[in-house]
There are 2 protein chains.
Amino acid sequence: MKTSFAVDSLAALAQETRLNIFRLLVRHAPSGLPAGTIARRLRLPGPTLSFHLNVLAAAGLVRADKNGRSIAYSANLDSVNRLTGFLMENCCGGRGGCPPFWEPANPRPKE
Amino acid sequence: MKTSFAVDSLAALAQETRLNIFRLLVRHAPSGLPAGTIARRLRLPGPTLSFHLNVLAAAGLVRADKNGRSIAYSANLDSVNRLTGFLMENCCGGRGGCPPFWEPANPRPKE
DNA sequence: CCTATATTTCCATTGTTTTGGAAATATGAA
DNA sequence: TTCATATTTCCAAAACAATGGAAATATAGG
């Protein structure tokens, strides 16, 4: 599996402003919020918000739905799940010791 | 809640080399691997590995245990859980629509 | 003490990301 | 068509992160 989807997602979230945007959209999932509302809530200049929304969208973490002259952005919640799965992949190599929160999705290959 | 632990963790993982190191350590959890073994496995020059391990350790994603002249690094699996919880915090604002994978840890505050 | 091994610190170079003003584009309403 | 609103693109300055060679430090064994 290519790691780049994960690096892209993590890099998109690894920035205070973008993390705030994403978490705001998680709270407002699944419907989302228009760009202007996000800008007002987080007190961000337009160009700055636009830049960050593009980074999040390019990583597949949010989607944009144009509606009249506003654009609603919404969080793709599934992306968090994929990311966790990727990080925990083959956790503990099948030797036991996985923490209780983690349900191994892929049952112990070789390595 | 301050977002910086999350930004630090995400930034630490948002880099191909560090992500490879972390995932290698997840597979070898909970015991970990010595720095030299990681370097050999991932074909990394010493200073580069050392730099990246420090970033991971500073973010609390790995811990270092000195043993003789080698140092074993191991993944802190719980950090992934904390991160997911933070990202999904108050998902969907209690209005239903959360994806099946997510168990709301904190039951719907105001917002 | 001396040597070999494990790992780190120092540091200069190179590359990447973030920021926001000004100008551009798109849409809807009067 | 003209105006106001929503959002974007352009761009250059400033800030930040990654890389790896050479030298330093630590430890174990003979």
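Reckoned from all heavy atoms, side chains included, excluding hydrogens, waters and symmetry mates. Note that the structure is a prediction, hence the values are computed from the model and not measured. Just so we're on the same page: letters track the sequence lines, and every chain starts at 1.
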J.: Following the transitive rule for hydrophobic clusters with a side-chain heavy-atom cut-off under 4.5 Å over Ile, Leu, Val, Met, Phe, Trp and Tyr, establish whether A:F51 and B:L10 coincide in one cluster.
T.: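 Hydrophobic grouping puts A:F51 apart from B:L10.
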J.: To the nearest Å, give me how far apart CD1 (B:I71) and C1' (C:dT9) are.
T.: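 One finds 13 Å between C1' of C:dT9 and CD1 of B:I71, rounded.
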J.: Rounding to a whole Å, what distance do you find between B:N54:CG and D:dT19:P?
T.: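 It is 14 Å, rounded to the nearest whole Å.
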J.: Indicate, with a heavy-atom threshold strictly under 4.0 Å, whether A:G46 touches base, sugar-phosphate, or nothing.
T.: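 Base contact - A:G46 has a heavy atom under 4.0 Å of at least one base atom.
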J.: Which residue lies toward the 5' end of DNA chain C, A:V55 or B:T37, if each is placed at its nearest nucleotide?
T.: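 Going by which nucleotide is closer to the 5' end, it is B:T37.
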J.: Mind calculating the distance between CD (A:E16) and P (C:dT17) to the nearest angstrom?
T.: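 Distance check: A:E16 CD to C:dT17 P gives 19 Å.
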J.: May I have the distance from A:L19 (atom CG) to C:dT18 (atom C1'), rounded to whole angstrom?
T.: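 Value for this atom pair: 16 Å.
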J.: According to a strict under-4.0 Å criterion, is B:Y73 in side-chain N/O contact with OP1 or OP2 of C:dT8?
T.: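 It does, given that an N or O in the side chain of B:Y73 lies less than 4.0 Å from OP1 or OP2 of C:dT8.
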J.: Could you check how far CD1 of A:I38 sits from C1' of D:dT8, rounded to whole Å?
T.: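 In whole Å, D:dT8 C1' and A:I38 CD1 are 14 Å from each other.
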J.: Distance check needed: D:dA6 C1' versus A:L33 CG, whole Å only.
T.: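 Whole-Å distance recorded here is 15 Å.
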J.: Would you indicate what A:S70 reaches in the nucleic acid, counting non-hydrogen atoms under 4.0 angstrom: base, sugar-phosphate, or nothing?
T.: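 A:S70: backbone/sugar contact only, no base atoms under 4.0 Å.
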J.: C:dT18 P sits how many Å from A:L56 CG, rounded?
T.: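 From A:L56 CG to C:dT18 P: 10 Å.
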J.: Just the rounded figure in Å: distance from C1' of C:dT18 to CG of A:N20.
T.: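 My rounded result for the distance is 15 Å.
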J.: I'd like to know if the side chain of A:R18 and the backbone of A:A11 have a donor-acceptor N/O pair within less than 3.5 Å.
T.: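 Side chain of A:R18 to backbone of A:A11: a pair is present.
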J.: I want to check something: taking the side chain as every heavy atom from C-beta on, are A:L25 and A:S74 in contact at a cut-off of under 4.5 Å?
T.: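 No. Closest side-chain heavy atoms not under 4.5 Å.
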J.: Between protein and nucleic acid, restricted to nucleotides 19-28 of chain C and to nitrogen or oxygen atoms under 3.5 Å apart, what atom pairs and distances do you find?
T.:
from, atom 1, to, atom 2, distance (Å)
C:dT19, OP2, A:Q15, NE2, 3.4
C:dT19, OP2, A:H52, NE2, 2.5
C:dG20, OP2, A:T48, OG1, 3.0

J.: Taking C-beta and beyond as the side chain, do B:V26 and A:N90 meet within less than 4.5 Å on heavy atoms?
T.: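 They are not in side-chain contact.
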J.: Name the one of B:L49, B:V55, B:L61 that satisfies side chain to side chain contact (heavy atoms under 4.5 Å, CB included) with B:I21?
T.: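 Result: among B:L49, B:V55, B:L61, B:L49 is the only option passing the side chain to side chain contact (heavy atoms under 4.5 Å, CB included) with B:I21.
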J.: Less than 4.5 Å apart, side chain to side chain, heavy atoms only: is that true for B:W102 and A:N81?
T.: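 B:W102 vs A:N81: side chains apart.
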J.: Using the salt bridge (Lys or Arg N to Asp or Glu O under 4.0 Å) rule, collect all pairs that involve residues 64-73 of chain B, keeping only residues at least two apart or in two chains.
T.: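 Sorted result for residues 64-73 of chain B: B:R63-B:D65.
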J.: When you check the phosphate oxygens OP1 and OP2 of C:dT18, does a side-chain N or O of A:R18 lie under 4.0 Å from one of them?
T.: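 Yes, A:R18 has a side-chain N/O under 4.0 Å of OP1/OP2 on C:dT18.
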